[in-house]
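All values below come from the heavy atoms of this structure, side chains included, with hydrogens, waters and symmetry mates left out. Numbering starts at 1 and runs along the sequence shown.
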Amino acid sequence: MTPYDGIVSQDQPALVDGFGRTVTYLRVSVTDRCDLRCVYCMAEHMTFLPKAQVLTLEELDRIASAFVGLGVRKLRITGGEPLVRKGVMGLFENLGRHLKSGALDELTLTTNGTQLATFARPLADLGVKRINVSLDTLKPELFRALTRGGDLGKVIGGIEAAQGAGLKVKINAVALKDGNAAELPELIRWAHGRGLEVTLIETMPMGEVDVDRTDEYLSLTELRRDFESFWTLTDLDVTTGGPARYVDVAETGGRLGFITPLSHNFCEACNRVRLTCTGTLHSCLGQEDASDLRAVIRAGASDDDLIAAIRLAVDAKPKGHDFQISRASAPAVARHMSTTGG
Ligand code: SAM
Ligand code: SF4
C-alpha cells in the first residue's frame, strides 16, 4: 500500500476538546473479525461486517496520519484481532514513518497473541516496542472455554516469540467472578516471573454476547482486597491518562494494573479517542457519541475537510461516561468491544 502523506507535514494547533483536554492518543480498530470468540466480547455466532463497510488500509492510514498531524503521539492498533487483517503489516510499515520522523512517540497493538509467532519479529523490525497481549488464564481447558475454542499453547508461544524479538509485553486479563478469578494469582505470578506486567480489567457492558454479564462482574476493589490477604501491594504514582491504577507486588517483584471503569471515574484526565474499523470516531468509550469519518473521506474530502471533521468530533467529546451493570438493563453501549477496539 502507498502511504498517505498529505496532512502530517502541516503545523496544526493541538486537538483540544470542549473541556480543555488535549487528545494525544488514538486507538484504531482495523477489523471486527477475530479467530477467537471470547465469551465477554462476542456472541458465539457473530455476523461480521461486509467488507465494503470496513475502511481500507489506505483509508486507515489517511485518518490515523491526520491525527498524528494534529498532535496525536501514540497510536494503538486493535480490533477484533488486528493480526488477522490481511495486509496489516503494510499498515504498520506505513504508520512507522511517523516514528521515524519523530511525529509519533509510540506505535503499539493489542492482540490475543495467536499470530505472534509469525508477526512478532516483523512488528519489532517496524518500530513497535511494546504490545499488550490478552490472556485470562493459564489453564488450557478454561482458556478453550473462555475463548470458545482457542489454543493456549499458541498464545504462550506467541508471547515467547514477542519477548524473543525484544518486544515488551503486557498481559491484559479480564476478571470474571466465576470464570477466572481463582486463576488470577497464578497468572500474575507466572507473568511477573517472566518480567511481564499484568493489567486486570473489569467487564464492561458492551454489545450483546449471549451470557449474562452481571453474573460474571467482579469488582477489582474486591479482588484487590483478596490479593492483599497474601500479597503486599504498594500504590505507584504512575498514570497513563487512562483508567489504569498501578501497584507493585512485593512478593512477585512485578507491577499490576487495575482498570476499573465501573467503580471509578477517570474521565477528567482522558486523553484518548477511538476509531472503529468502519471509520466511526468515538470520543468516549462509554457513550454513544459517534462521528462518521468514513462518510467524510468517501465523499472526497480534502485534508482540510477531514481535519475540520476531526476537530468537530473531538470538540464534542463528552465529559464522562456512565457505565452501569444492572440485571434489568441492556448493554450500556450497543456496539461490541471488537468493533470499537479495547
Ligand atoms: N483481539 C485483541 C485482544 O483480545 O487483545 C484486541 C481487541 S480486544 C476487543 C481488546 C481488549 O478488550 C481485550 O483485552 C479484551 O479482553 C477486552 N474486552 C473485550 N470485551 C470486553 C468487555 N466486555 N469488558 C472488558 N474488556 C473487554
Ligand atoms: Fe477476539 Fe479480542 Fe474479542 Fe477475544 S477479546 S473475541 S480475542 S477481539
* Between Leu104 and Leu99, which heavy-atom pair has the shortest distance, and what is it? -> O-CD2, 3.6 Å
* Asked: Heavy-atom distance under 4.5 Å between the side chains of Arg85 and Val54, does that happen here?
  -> yes
* Above 12 or not: heavy atoms from other molecules or residues under 6.0 Å from NZ of Lys170? -> yes
* Stepwise, does the side chain to side chain contact (heavy atoms under 4.5 Å, CB included) test hold for Phe227 with Val249? -> CA-CA 10 Å; Phe227 288 168; Val249 183; over 6 Å; no
List, one per line, each side-chain donor-acceptor pair under 3.5 Å for residues 305-314, sequence neighbours excluded.
{"from": "Asp305", "atom 1": "OD1", "to": "Ser302", "atom 2": "OG", "distance (Å)": "3.4"}
{"from": "Asp305", "atom 1": "OD2", "to": "Ser302", "atom 2": "N", "distance (Å)": "3.0"}
{"from": "Asp305", "atom 1": "OD2", "to": "Ser302", "atom 2": "OG", "distance (Å)": "3.2"}
{"from": "Arg311", "atom 1": "NH1", "to": "Ala14", "atom 2": "O", "distance (Å)": "3.1"}
{"from": "Arg311", "atom 1": "NH2", "to": "Gln12", "atom 2": "OE1", "distance (Å)": "3.3"}
{"from": "Arg311", "atom 1": "NH2", "to": "Pro13", "atom 2": "O", "distance (Å)": "2.7"}

* **With sequence neighbours excluded, residues passing side chain to side chain contact (heavy atoms under 4.5 Å, CB included) with Gln115** => Asp35, Leu83, Val84, Phe119
* To do: Taking Glu202 for its side chain and Leu220 for its backbone only, find out whether a donor-acceptor pair lies under 3.5 Å.
  => yes
* To do: For the residue pair Lys74 and Asn271, establish whether any side-chain heavy-atom pair is separated by less than 4.5 Å.
  => no
* Asked: Side-chain contact, heavy-atom cut-off 4.5 Å: Trp231 with Val247?
  -> no
* Could you state the interatomic distance from CG (Leu200) to CG (Leu218), rounded to the nearest 0.5 Å? -> 9.0 Å
* Among all residues two or more places apart in sequence or in another chain, which pass the salt bridge (charged side-chain N to carboxylate O under 4.0 Å, His left out) test with Glu160? -> none
* Asked: Taking side chain as C-beta onward, heavy atoms only, is Leu126 less than 4.5 Å from Leu107?
  -> no
* Asked: With respect to Val30, which candidate in Leu55, Leu109, Leu91 satisfies the side-chain contact (heavy atoms from CB on, under 4.5 Å) definition?
  -> Leu91
* To do: Indicate whether any N or O donor in one side chain lies under 3.5 Å from an N or O acceptor in the other, for Thr232 and Glu251.
  => yes
* Please report the C-alpha distance between Val72 and Thr24 in whole Å, then the side-chain angles of each, then the deciding distance to 0.1 Å, and finally whether the side chain to side chain contact (heavy atoms under 4.5 Å, CB included) criterion is met. => CA-CA 4 Å; Val72 159; Thr24 54; 5.6 Å; no
* To do: Would you check if Leu49 and Cys277 make a side-chain contact, meaning some heavy-atom pair closer than 4.5 Å?
  => yes
* Asked: Excluding sequence neighbours, so at least two apart, what forms side chain to side chain contact (heavy atoms under 4.5 Å, CB included) with Ser134?
  -> Thr110, Asn172
* Asked: What's the verdict on side chain to side chain contact (heavy atoms under 4.5 Å, CB included) for Thr108 and Asn132, showing C-alpha distance, side-chain angles and the deciding distance?
  -> CA-CA 8 Å; Thr108 182; Asn132 287 359; 5.5 Å; no
* Structure fact -> Of Arg76, Arg274, Arg272, the one forming a side chain to side chain donor-acceptor pair (under 3.5 Å) with Tyr25 is Arg76
* To do: Would you give the length of the straight line joining atom CG of Leu123 to atom CE of Met89, rounded to the nearest 0.5 angstrom?
  => 4.0 Å
* Asked: CD/Glu106 to CG/Leu75 distance, rounded to the nearest 0.5 angstrom?
  -> 9.5 Å
* What closest approach, in Å, do Ala173 and Leu184 show between heavy atoms, and which atom pair accounts for it? -> CB-CD2, 4.1 Å
* Using a distance-only test with no angle check, is there a side-chain donor-acceptor pair under 3.5 angstrom linking Ser65 and Arg97? -> yes
* **Glu59 side-chain N/O to Thr56 backbone N/O, donor-acceptor pair under 3.5 Å** => yes
* Asked: What are the two closest heavy atoms between Leu95 and Ala64, and how far apart are they?
  -> CD2-CB, 4.0 Å
* Minimal non-hydrogen separation, Leu135 against Leu138, with atom names -> CD2-CD2, 4.2 Å
* Asked: Are Thr276 and His282 linked by a side-chain donor-acceptor pair shorter than 3.5 Å?
  -> no
* Specify the closest pair of heavy atoms between Ala103 and Val68, including all atoms of both residues, with the distance to one decimal. => CB-CG1, 3.7 Å
* **Worked check of salt bridge (charged side-chain N to carboxylate O under 4.0 Å, His left out) between Glu141 and Arg144** => CA-CA 5 Å; Glu141 278 317 308; Arg144 204 183 311 281; 3.6 Å; yes
* Same hydrophobic cluster for Val16 and Val23, using side-chain heavy-atom links shorter than 4.5 Å among ILVMFWY? -> no
* To do: For the pair Asp248 (side chain) and Ala250 (backbone), establish whether a donor and an acceptor sit closer than 3.5 Å, ignoring hydrogens and angles.
  => no
* How many angstroms lie between atom CG of Leu152 and atom CG of Asp136, to the nearest 0.5 angstrom? -> 10.5 Å
* Shortest non-hydrogen contact from Ala161 to Ala117? -> CB-CA, 3.8 Å
* Asked: Taking side chain as C-beta onward, heavy atoms only, is Ser229 less than 4.5 Å from Arg225?
  -> no
* To do: Could I get the full list of side-chain hydrogen bond (donor to acceptor under 3.5 Å, both in side chains) partners for Thr252, not counting sequence neighbours?
  => His192
* To do: First locate atom CG of Leu116, then atom CD1 of Ile131, and finally report the distance between them rounded to the nearest 0.5 Å.
  => 4.5 Å
* Asked: Can we say Asp235 and Arg224 salt-bridge, meaning some charged N sits less than 4.0 Å from an Asp/Glu carboxylate O?
  -> yes
* Asked: What do you reckon, is CZ of Arg130 surrounded by more than 12 foreign heavy atoms closer than 6.0 Å?
  -> no
* Asked: If you measure from CZ on Arg37 to CE on Met46, what distance do you get to the nearest 0.5 Å?
  -> 7.5 Å
* To do: Check for a donor-acceptor pair, side chain of Gln163 on one end and backbone N or O of Arg194 on the other, with a separation under 3.5 Å.
  => yes
* Stepwise side chain to side chain donor-acceptor pair (under 3.5 Å) test for Glu81 and Thr111 -> CA-CA 6 Å; Glu81 173 47 40; Thr111 173; 2.7 Å; yes
* Donor-acceptor pair, side chain of Arg62 and main chain of Ile297, under 3.5 angstrom -> no
* Are the side chains of Leu281 and Leu26 in touch, meaning some heavy atoms are under 4.5 Å apart? -> yes
* **Pairing residues for Phe92 by the ring-ring contact (aromatic ring centres under 6.0 Å, His included) criterion, not counting sequence neighbours** => none
* Is there a side chain to side chain contact (heavy atoms under 4.5 Å, CB included) between Trp190 and Ile156 once you walk through the steps? -> CA-CA 11 Å; Trp190 173 86; Ile156 304 288; 3.8 Å; yes
* Asked: Side chains of Phe48 and Thr31: closer than 4.5 Å at any heavy-atom pair?
  -> no
